[in-house]
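On a predicted model such as this, the values are computed, not experimentally measured, just so you know. Note on naming: letters A, B, ... go to the chains in the order of the sequence lines (proteins, then strands), and numbering restarts at 1 for each one.
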There are 2 protein chains.
Amino acid sequence: MASFPTPKPGDISDESPIERLLRRLNQRVVLDEADAAAIRALPVSVKQFEAGQYLVREGNQSRHAFFLLEGFVIRHKYVGVGGRQIIAIHMPGDFMDIQNVLLGHADHNVQALRAATVAAIEVEAMLDLAHDRPRIGLALWRESLIEASIYSEWIANIGRRDARSRIAHLLCELAVRREEAGLGSRDSFELPMTQEQIGDAQGLTAVHVNRTLKALQDESLIHRSKRAIQVANWEGLREVGDFTTGYLHLEALPLAA
Amino acid sequence: MASFPTPKPGDISDESPIERLLRRLNQRVVLDEADAAAIRALPVSVKQFEAGQYLVREGNQSRHAFFLLEGFVIRHKYVGVGGRQIIAIHMPGDFMDIQNVLLGHADHNVQALRAATVAAIEVEAMLDLAHDRPRIGLALWRESLIEASIYSEWIANIGRRDARSRIAHLLCELAVRREEAGLGSRDSFELPMTQEQIGDAQGLTAVHVNRTLKALQDESLIHRSKRAIQVANWEGLREVGDFTTGYLHLEALPLAA
DNA sequence: GGCGCGCTATTACATGGGTTAAATTCCGCG
DNA sequence: CGCGGAATTTAACCCATGTAATAGCGCGCC
C-alpha cells in the first residue's frame with residue numbers, strides 16, 4: 001500500500017514515535033518517499049504526562065499538536081452549570097489537537113486519563129509540512145474530517161438515544177477503534193474511564209451509568225470485572241447501540257499516490 | 001486584508017457565486033492572486049432545491065461539495081428508534097459537505113429547509129485545487145476545523161445543558177453566525193426552522209421546545225411573532241445559554257500570505 | 001372566501017434519568 | 001497487612017422532559 005517500506009507489523013510499540021505517526025498519516029492518504037522523508041525530519045519531542053494532568057487548557061494558545069503513543073487522553077469542556085462534557089476520547093495512535101495548527105486558541109481542555117506518553121510537534125512545523133507537502137496536508141485534513149464525523153455521531157448518540165443505547169454505542173466504538181489501532185480484540189478490553197467519566201462523555205450521571213452497565217450485564221450483552229469488559233454478545237450489543245462503523249471511515253481513501 | 005481586490009461590501013447577493021465562495025475562503029486563510037485565479041476557474045454549477053428536498057442521502061457516494069447561496073440547509077442522521085438528529089444548520093455563505101472531498105461516503109443526509117440555491121463543485125476539482133494550491137488546501141482544512149469546533153460545542157450543549165440553556169444557546173449561535181455572514185442584525189431575525197426541527201437539533205421534543213420558547217419569552221429575553229425572533233435582552237440570553245463566541249473562531253488566522 | 005394542512009399551543013399524565021446519601025469494594029501506599 | 005481515599009453499587013425519592021391528545025391558527029390554493 002505505502003510506497004515506502006511498511007514497518008513490520010506485530011509489535012507496534014517497537015516502532016519509533018515518528019514511524020508510528022507516519023504510518024497513521026499514510027493510512028489516511030497514501031504518501032510517497034519524499035513525504036515520508038519530510039515527516040521523518042520533523043522535530044518531535046516525546047513527553048510524559050501523569051494521570052489527571054492537563055496537556056492543554058481552554059483559552060490558551062496552544063503551540064503544539066500531539067500524537068498519542070501510550071495511555072488514554074480525553075478532550076473536554078466545562079459547561080456553565082452542569083459540570084463538564086467530554087467531547088473526545090483518544091487512544092494510542094490518535095492525533096490530538098491538530099486543529100491548533102490552524103485555529104488561534106484552544107476551545108477545550110486536553111487531559112491525560114492515566115499516565116500518557118505523547119509526541120509533541122510545534123504547530124509551525126506542522127503548518128509548514130502541510131503547506132509544502134500537499135499530500136500530507138490532505139492526510140491531516142482527512143484526519144480532521146474523520147474526527148468531525150465522530151463528533152457528529154456523538155451528537156446523534158447523546159441527542160437521540162437513551163442511556164442504554166448510548167452506552168452500548170460507546171462500548172462498540174471504543175472496541176472497534178481499539179481493534180483498528182491494533183491494540184487488541186474488540187471482544188475483551190479494559191475500559192479506560194471511570195463511570196463518572198463515562199457519564200461526562202455521554203451526558204449522564206455516574207449513578208445512571210452504573211445502573212445501565214449493570215443492565216447490559218444482566219442482559220448478558222457484556223460481562224464485567226473491575227474495569228475489564230468482555231463483550232459476550234457482539235451482535236446484540238451492536239444492535240442495542242444502533243452502531244455501525246460507517247462514521248469511523250475505516251476504509252482507505254480511493255486516491256492514487 | 002486580501003491581496004486581490006475585495007468585492008464591494010454591502011449588497012452581498014450582487015456578487016457572483018464564485019466571488020462569494022472566494023471571499024469565504026479568503027476569510028479562512030488569506031489567499032494570493034494565483035489562488036484567486038484558480039478558484040475563479042473552478043467549474044461551478046448553480047442548482048435550485050425545493051423546501052424539503054434532499055441534496056445528499058446517507059450512504060450515497062456524494063460527488064459534490066456545496067456552497068450555500070440562498071436559503072437554509074440542514075444535515076441530519078436517522079437514529080434507530082428516536083427519530084432523527086440534526087447535526088448542523090447551514091446559512092448562506094457556508095460550505096456544506098466538503099468532507100466528501102476526502103471521505104468515501106456520506107454518513108448523513110443533507111436537506112433543504114426551504115427553497116435553497118447552492119453552488120455545486122465536483123469533488124475531483126476541489127481535491128485538485130486543495131492539492132495544487134496549498135493555501136487553498138489550508139483554507140478548506142480550516143473551514144472543516146471550525147465546523148468540527150461547532151460540533152463539539154453542540155455535544156456540550158446537548159450533553160450538559162438543560163432545555164432552557166440549550167435553546168438560548170442555539171438562538172445565540174444562529175444570531176451571531178447570521179450577523180457574521182452579513183445577513184442582518186443579531187437582534188432580530190427569522191427562525192428558519194419549525195419547533196419540531198429545533199427539537200431535532202437539540203435532542204428535545206417539539207412540545208418541550210414550545211414550552212421553552214414560551215418561557216424565554218415570559219422572561220422577556222426574547223419576543224416572538226410567528227417565526228420572527230427579537231432578542232430583547234442579548235446579555236441575558238447569552239448568559240442563560242452559557243454562550244461565548246470562542247468556538248466559532250471568528251478571528252482571522254494570524255498567518256501571513 | 002373557505003377548505004385543508006401543517007405548524008403552534010396547551011393540558012394531563014407518564015417516565016427516564018437526576019439527586020442524595022450511605023454502604024461496599026478496590027487499590028495504592030506505608 | 002492495614003489504612004485511607006477513590007470508585008462502585010444500591011436505594012429512595014423527585015423532577016425535567018417525554019407522550020398523547022386536542023384545539024387553534026395561518027396560509028396557500030381552488
Chemist: Using a heavy-atom cut-off of 4.0 Å to chain A, what are the terminal contacting nucleotides of DNA chain C, in 5' to 3' order?
Modeler: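 On DNA chain C, the outermost contacted nucleotides are C:dG17 to C:dC27.
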Chemist: Once you apply a heavy-atom cut-off of 4.0 Å, does A:T205 come out as touching a base, just sugar-phosphate, or nothing?
Modeler: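 Base: the residue A:T205, judged by heavy atoms under 4.0 Å, touches a nucleobase.
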Chemist: Between B:T244 and B:R238, does the side-chain contact (heavy atoms from CB on, under 4.5 Å) criterion hold? Intermediate values first, please.
Modeler: CA-CA 7 Å; B:T244 52; B:R238 201 200 59 65; 4.2 Å; yes
Chemist: Check B:R24 with B:E143, please: is the shortest side-chain N to carboxylate O separation under 4.0 Å?
Modeler: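 Here B:E143 pairs with B:R24 in a salt bridge, since their nearest N and O are under 4.0 Å apart.
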Chemist: Take atom NE2 of B:H208 and atom P of D:dC15, then tell me their distance rounded to the nearest Å.
Modeler: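 Whole-Å distance recorded here is 15 Å.
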Chemist: With a 6.0 Å cut-off on ring centres, are A:F67 and A:H90 close enough?
Modeler: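 Between A:H90 and A:F67, which both carry aromatic rings, the centre distance is not below 6.0 Å.
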Chemist: Between B:L221 and B:W234, is there a side-chain heavy-atom distance shorter than 4.5 Å?
Modeler: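 Of all side-chain heavy-atom pairs linking B:L221 with B:W234, none is under 4.5 Å.
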Chemist: Between A:D187 and A:Q230, is there a side-chain donor-acceptor contact under 3.5 Å, judged purely by atom types and distance?
Modeler: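 Judged by distance alone, the side chains do not pair up.
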Chemist: What is the separation between atom CG on A:L191 and atom C1' on D:dT8, rounded to the nearest whole Å?
Modeler: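 Nearest whole value for this atom pair: 13 Å.
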Chemist: For A:L216, run the side-chain contact (heavy atoms from CB on, under 4.5 Å) check against A:I229, A:V231, A:N233, A:L171 and tell me which one passes.
Modeler: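 It is A:L171, the one option of A:I229, A:V231, A:N233, A:L171 that forms the side-chain contact (heavy atoms from CB on, under 4.5 Å) with A:L216.
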Chemist: At under 4.0 Å between heavy atoms, what does A:R224 touch on the DNA or RNA strands: base, sugar-phosphate, or nothing?
Modeler: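 Result for A:R224 = sugar-phosphate.
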Chemist: Looking at A:E147 and A:R75, is any side-chain nitrogen of the basic one under 4.0 Å from a carboxylate oxygen of the acidic one?
Modeler: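 A:E147 and A:R75: salt-bridged.
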Chemist: Looking at B:E19 and B:R23, is there a salt bridge between them, counting it only when a charged N and a carboxylate O are closer than 4.0 Å?
Modeler: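 B:E19 and B:R23: not salt-bridged.
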Chemist: Closer to the 5' end of DNA chain C via nearest nucleotide, is it B:N210 or A:D162?
Modeler: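 Residue closer to the 5' terminus by nearest nucleotide: B:N210.
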Chemist: Note down the inter-axis angle between the two ends of the helix from C:dG1-D:dC30 to C:dG30-D:dC1, five pairs each, to the nearest 10°.
Modeler: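 About 50°, once rounded to a multiple of 10°.
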Chemist: Are B:R166 and B:D162 ion-paired here, with the side-chain N under 4.0 Å from a carboxylate O?
Modeler: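 Salt bridge between B:R166 and B:D162, a charged N being under 4.0 Å from a carboxylate O: no.
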Chemist: For DNA chain D, whose closest nucleotide is more 5', that of A:R227 or that of B:L204?
Modeler: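 With A:R227 and B:L204 compared, the 5'-side residue is A:R227.
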Chemist: Base, sugar-phosphate, or nothing: which does A:G52 touch, judged by heavy atoms less than 4.0 Å apart?
Modeler: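 The residue A:G52 makes no contact with any strand.
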Chemist: With a 4.0 Å cutoff (strictly under), does any side-chain N or O of B:K226 reach OP1 or OP2 of D:dC27?
Modeler: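 B:K226 to D:dC27 OP1/OP2: side-chain N or O found under 4.0 Å.
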Chemist: Taking for each residue the nucleotide of DNA chain D bearing the nearest heavy atom, is the 5' side occupied by B:T212 or by A:Q195?
Modeler: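 Closest to the 5' end, via its nearest nucleotide, is A:Q195.
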Chemist: How many Å lie between CG on A:L213 and P on D:dT8, as a whole number?
Modeler: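 Answer to the nearest Å: 9 Å.
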